[in-house]
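Along the sequence shown, the residues carry numbers beginning at 1.
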Amino acid sequence: NSNAVVSKTRDNFINDNSSKYLFNSPINIDGRRVEIKSVDRFTSVQEPGIIYMKLTTIQALSNELGIVRENGLTYEELQKNKVVILADEAHHFNASTKSQKQEENSWESLLDKVRECNSSNRQFEFTATIDVDKPLVYEKYKDKIVYKYDLNRFMKDGYSKNVYRLEADNDDRSKMMNAVLLSQYRKRIAKENGIDDFKPVILFKSNRIAASENARNAFLEMIDKLDVFKLDEFLKEQNSVDLGSTTLKSMYTYWQEQDSAQTVIELKRDFKPMTTINVNDTSKDGILGNENDFKKLNTLEDTNNPIRAVFAVAKLTEGWDVLNLYDIVRLGEQPVSLVQTNSEAQLIGRGARYNPFEYNGEKSYIRRFDDSNDPRVKLLESLHYHTINDSKYISNLLKSFNKMNLISESDSDKEYNMYYAKVKDKFKFFYFPVFQFILKFDLHFYLCHLLLTVLFVNNCKSFQEQIIVQDNLSST
């Protein structure tokens, strides 16, 4: 669906010099050496042992087949060849499942025509977003699903990082400093465990391009002006506040026991202009539309790629393959709507892909520290999402996670029991307006709190829904 996905796929299948190349070279299938060759048109005489692959976006294919041009692909040419269509991000092609009436020029119709050019043609679709609970989608795919592997099963089977939410009331500078210290803490833990070339990456996500650019400038200024006094003051201040995060508490304690001068030198070395990148997205291809940015972003795992921090108005839901993303930081004022949290959940799901680092001389493609007694090494297999502590936002974020079956946990050590209650109509229409009236006259908060609590308890009729009460009423 985008040039970014095509470029990424080219590295996967064609470029054997790429770290993202999928095969051992040379490719051997059933004792035969096989070559994958990229082509614009299929040859009339095909050589044995060669798989001819045309990589294109659905938009480009539509334009090519819609207008006859010199050296362009035609339906007549397709009739002469047996073709297998591999449709990635296939949810984009399902136009007829979104409307009862299918337009002839829809992308789905285009693929139907290509497939029907030869009775031997086959089409395989791949997507992480298939709404089989919708009647039209179900009817289309009920007898066509070859394999369904939901994200929650993928995560439970150990093929992803564990995902944790760091919910705090910190300002953006504190969030950025926490992310830097946590990222460097991970790098230190890896080094202590003999894991070389471990390079955790941070994504700082803003809502607007100007805000993203300002965030990077503020970040570089913060690191440039960092000294021993500022670092010690930050650690002392943060550690004195009960943030409720087990990870941050462990991290603060660790850094307070280290040589602060050496820590400052290390942070200035690892986080500087040449190790950070600001990538502004385009409406068509997202932030991967820029070729230079794409190369840097698609090779973040490479040892010769210095990038440690990415600043973006992040449209990274498709086309970005990254394995060593360990922290995503939500910066600035942003919407708390479901539309926003759905986008964030997709980004987190992409960042949760497992990083197969080498440990004790072996690579693993599933988590190996889940049962470890050392909680620190678990950070090497965990993604942290640094976000705001806002009840409406967290509620919508959890709904978005549930929608895509993404498993996450709060990093907080504070546990609450949640109760749901439905109140009588007279409470909603009489007592609550009275409570609001009292608030306007600025009476003491606890008097209002006590009044509301008494009225609520006296008027609850069933524990069902509508109002949530926490055990710790003082935090309600």
Is the ring centre of Phe369 less than 6.0 Å from the ring centre of Tyr359?
yes
Got a sec, which residues hit side-chain hydrogen bond (donor to acceptor under 3.5 Å, both in side chains) with Asp150, two or more places apart in sequence or on another chain?
Lys148
Is atom NZ of Lys156 surrounded by more than 12 heavy atoms (other residues, nucleotides or ligands) closer than 6.0 Å?
no
Test: Glu167 and Arg165 ion pair at under 4.0 Å
yes
Indicate yes or no: does Lys191 engage Asp196 in a salt bridge with an N to O separation below 4.0 Å.
yes
I'd like to know if the side chain of Thr387 pairs up with that of Tyr393 as donor and acceptor (distance under 3.5 Å, no hydrogens or angles considered).
yes
Does one side chain, of Asn178 or His386, offer a donor that lies under 3.5 Å from an acceptor on the other?
no
CA sep, side-chain torsions, deciding dist, call: Arg376, Glu192, salt bridge (charged side-chain N to carboxylate O under 4.0 Å, His left out):
CA-CA 11 Å; Arg376 300 193 316 155; Glu192 290 172 7; 2.7 Å; yes
Check this for me: Phe126, atom CZ, are more than 12 non-hydrogen atoms of other residues, nucleotides or ligands nearer than 6.0 Å?
yes
Side chains of Thr9 and Asn12: do they bring a donor and an acceptor to under 3.5 Å?
no
Distance col, row Asn214:CG vs Phe219:CZ, nearest 0.5 angstrom, shows 15.0 Å
Would you check if Asp411 and His384 make a side-chain contact, meaning some heavy-atom pair closer than 4.5 Å?
yes
Side-chain contact, heavy-atom cut-off 4.5 Å: Leu166 with Leu248?
yes
So, are Glu221 and Arg173 salt-bridged, with charged N and O less than 4.0 Å apart?
yes
Under 6.0 Å between the ring centres of Tyr159 and Tyr354?
no
Before giving the answer on salt bridge (charged side-chain N to carboxylate O under 4.0 Å, His left out), spell out for Glu362 and Arg368 the whole-Å C-alpha distance, their side-chain angles and the decisive distance to 0.1 Å.
CA-CA 11 Å; Glu362 294 183 2; Arg368 45 191 153 188; 5.9 Å; no
Looking only at side-chain N and O atoms, does Thr247 offer a donor or acceptor that is under 3.5 Å from a partner on Tyr185?
no
Grab the two heavy atoms, one from Ser19 and one from Asp302, that are nearest each other, plus how far apart they are.
OG-OD1, 2.9 Å
Spacing of Tyr385 atom OH and Leu203 atom CG [to the nearest 0.5 Å]
9.0 Å
Does some side-chain heavy atom of Val310 sit less than 4.5 Å from a side-chain heavy atom of Ile202?
no
Answer yes or no: are there more than 12 heavy-atom neighbours, outside Tyr149 itself, under 6.0 Å from its atom OH?
yes
Is it the case that more than 12 heavy atoms not belonging to Asp370 sit under 6.0 Å from its CG atom?
yes
Asp270 and Arg308 ion-paired at < 4.0 Å:
yes
How far does NZ of Lys205 sit from CD1 of Ile348, to the nearest 0.5 angstrom?
9.5 Å
Distance to the ring centre below 6.0 angstrom and angle to the axis at most 45 degrees; does that hold for Lys363 and Phe357?
no
For Lys268, does the NZ atom have more than 12 heavy-atom neighbours from other residues, nucleotides or ligands under 6.0 Å away?
yes
Do the side chains of Leu181 and Leu267 get nearer than 4.5 Å, heavy atoms only?
yes
Take a 6.0 Å sphere around CG of Asp171 and say whether it holds more than 12 heavy atoms from other residues, nucleotides or ligands.
yes
Salt-bridge present (Lys20, Glu301; N to O < 4.0 Å):
yes
Distance only, no hydrogens: is a donor on one side chain within 3.5 Å (strictly under) of an acceptor on the other, for Ser160 and Arg353?
no
Output for pair (Leu383 CG, Asn355 CG), nearest 0.5 Å, gives 11.5 Å
Counting C-beta onward and ignoring hydrogens, is there a side-chain heavy-atom pair between Ile36 and Phe23 closer than 4.5 Å?
yes
